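Worksheet: one structure, shown below.
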Amino acid sequence: MSSYMVEPKSRADLRRLARILREHLRLDDILYFPIVELLDVMTELFSDFNYEIVADSVLSKKVHADTDVRTGHIRIKESVYEGACNGEGRDRMTIAHEIGHYFTLCFCGFKLTRNFSNAKIITFCYPEWQAKCFAGELMVPAHLVRGMDRDEIAEQCGVSFDAACVQYKHLPKE
Ligand SMILES: [Zn+2]
């Protein structure tokens with residue numbers, strides 16, 4: 001994936017995109033984002049979006065889920081899907097990450113161009129960075145967690161402590 005480059009999008013852009021999605025779904029004031037339910041909502045909203053729950057053995061050990069960015073097809077390991085249903089922060093974030101790939105590469109039509117030149121790819125051009133950033137912003141809404149500490153963010157938003165720390169670091173300063 002690293003030989004591909006997409007249009008630069010800043011964290012602020014991706015925060016805005018996550019907020020638009022939340023507003024569209026009327027979830028703008030909800031701390032605990034219903035990420036598993038979003039999979040089915042998106043299947044209804046977007047004709048080119050679909051997902052599949054696969055046996056853990058289908059994907060390699062290190063991979064929790066993946067997205068085919070040409071078709072928008074998401075595959076999620078059974079154990080990850082179940083974990084997300086049970087409120088496991090890391091698994092919830094995995095699903096948000098894959099949905100992030102869909103939004104940043106498929107739906108928004110960001111350019112996916114092969115990077116033939118030796119031009120240095122800056123971090124925010126990477127699809128992985130964009131998906132990760134979008135997922136964090138979607139799951140931890142900056143406008144709702146102001147004043148919370150990292151434990152509260154993890155608990156209230158249903159994310160791992162590590163993810164809460166990352167988002168905490170990027171909260172706008174008062
Ligand atoms: Zn990814």
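All ligand and atom numbering here is 1-based and tracks the order in the structure. What you see is a predicted model, and the numbers here were worked out from it, not measured in a lab.
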**Report entry** Criterion salt bridge (Lys or Arg N to Asp or Glu O under 4.0 Å) on Asp56 and Lys77, from CA distance to verdict
**Finding:** CA-CA 5 Å; Asp56 283 14; Lys77 272 184 179 171; 5.7 Å; no
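In this structure, CD1 on Ile30 lies 8.5 Å from CG on Leu144, to the nearest 0.5 angstrom. If you take CG on Asp162 and CZ on Arg150, they are separated by 10.5 Å, rounding to the nearest 0.5 Å.
The closest side-chain donor-acceptor pair between Gln130 and His101, if any, does not fall under 3.5 angstrom.
By the ring pair (Phe, Tyr, Trp, His ring centres under 6.0 Å) test, Phe49 is found to be paired with Tyr102, residues two or more places apart in sequence or in another chain being considered.
Between the Asn86 side chain and the Glu88 main chain, no donor and acceptor come within less than 3.5 Å of each other.
Around the Zn ion (ligand 1), protein atoms of type N, O or S found under 2.8 Å number 4.
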